[in-house]
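Protein chains get the first letters and strands the later ones, always in sequence-line order, with residue 1 at the start of each.
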2 protein chains.
Amino acid sequence: MTNDQNLETAPQEVEARAVEARVEAFIGVREARRSEVAEDYVELIAELIHDNGEARPVDIATRMGVTAPTVAKTLGRLARDGLITRAKYRSVFLTEEGRALAKECRHRHEIVLRFLLSLGLDPETAERDAEGIEHHVSERTLALFADFADRS
Amino acid sequence: MTNDQNLETAPQEVEARAVEARVEAFIGVREARRSEVAEDYVELIAELIHDNGEARPVDIATRMGVTAPTVAKTLGRLARDGLITRAKYRSVFLTEEGRALAKECRHRHEIVLRFLLSLGLDPETAERDAEGIEHHVSERTLALFADFADRS
DNA sequence: GCAAAAAGTTAGCTTAGGCTAACAATCAAG
DNA sequence: CTTGATTGTTAGCCTAAGCTAACTTTTTGC
Ligand SMILES: [Mn+2]
Ligand SMILES: [Mn+2]
Ligand SMILES: [Mn+2]
Ligand SMILES: [Mn+2]
């Protein structure tokens, strides 16, 4: 080490640390991306069950704005991942795990939406942005959003 | 129509409108998702050119936390889409369009980051969340974020 | 100026998430 | 109870974005 008694950190180490922090950010975002679709589906399925008594693929397709085969394939992945159960030609049920995820997602969605509205955003834009942002807020950010919305 | 003089809106129409609004939200989010990677790349490329004089694939790979072949393939798409130019075994350049996108992305990234920090978030989490959120904020939300950060 | 290291490319594989076309099952009217 | 409409499934296609293995090119250090 060339520093006097090693008291300072070399500039390239500072740089390396900054790079490393950002790599973690990118990796984290890619990770989050992998669950976005699942999160939106289970949240919607929970809502359909609550509102309509059941979650039919056709209603999922209508609300997600995708075609029926896309829904079928996605439901296959959700079942594989233990979030739903289903029988052929029947509507869909959430597993315990699916219900837990749905609840968490609805909670996050609501906080983000409430926060955006309390910032002064119009409802349509707020809904639109919340639908994307909800998948990328950490627990900490969510807590700050909730605080802010409560205080205003 | 069964309403007295058609003065009210039928509840199923209200419902239909709400469903339609959410479909638009989902479609919008899917749309945004399609440009996330491109946005992160051009932003990073601009930064590397600024800081190092050039953007080498190896540095892009290190900072994005992906392998060199992944970068190569992504750069192929960016070139196809007119955002960069490149020559074999050489580093990468932004087109006019690429520079414009990079500038816009850096701008958005900075506002979102500044906003999260001014909310009281720690820098690491702020960087992490900003990296994901930046792709899902509308112009309106961005303006509100900027206002908030300025005022605090 | 050459050899080894570093960087870049290519081929080929994987998964997710979209689509259409074709077919099968269920449901609702009559 | 039959039939037509609705709903669901399957097969097969596509693109994006990740990976490893193998190869080529460029850069660097002696
Ligand atoms: Mn969402
Ligand atoms: Mn949601
Ligand atoms: Mn980003
Ligand atoms: Mn960014």
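Between Glu110(B) and Arg106(B) a salt bridge is recorded (basic side-chain N to carboxylate O distance below 4.0 Å). Using a cut-off of 4.0 Å between Lys/Arg side-chain N and Asp/Glu carboxylate O, Arg108(A) and Glu39(A) are scored as salt-bridged.
Between the side chain of Asp129(A) and the main chain of Ser138(B), a donor-acceptor pair closer than 3.5 Å is present. Put simply, the side chain of Arg33(B) never gets that close to the backbone of Gly28(B): no donor and acceptor are under 3.5 Å apart.
Note that OG1 of Thr85(A) and CZ of Arg90(A) are 13.5 Å apart. Values are rounded to the nearest 0.5 Å.
Side-chain N/O atoms of Thr125(A) and Asp122(A) include a donor and acceptor closer than 3.5 Å. Under the 3.5 Å distance criterion, with hydrogens and angles disregarded, a donor-acceptor pair is assigned to the side chains of Thr74(B) and Arg77(B). Counting only N and O atoms by type, the side chains of Glu36(B) and His136(B) include a donor and acceptor under 3.5 Å apart.
Annotation: proximity of residues 25-56 of chain B to DNA chain C (heavy atom, distance under 4.0 Å) is found for Arg30(B), Arg56(B), numbered in ascending order. Of the residues in residues 61-94 of chain B, those placing a heavy atom less than 4.0 Å from an atom of DNA chain C are Ala68(B), Pro69(B), Ala72(B), Lys73(B), Arg86(B), Lys88(B), Tyr89(B), in numerical order.
In this structure the side chain of Leu83(A) never reaches within 4.5 angstrom of the side chain of Leu94(A), judged on heavy atoms. Counting heavy atoms from C-beta outward, Arg114(B) and Leu117(B) have side chains that stay 4.5 Å or more apart.
Mapping heavy-atom proximity under 4.0 Å, the span of DNA chain C touched by chain B runs 5' to 3' from dA7(C) to dG18(C).
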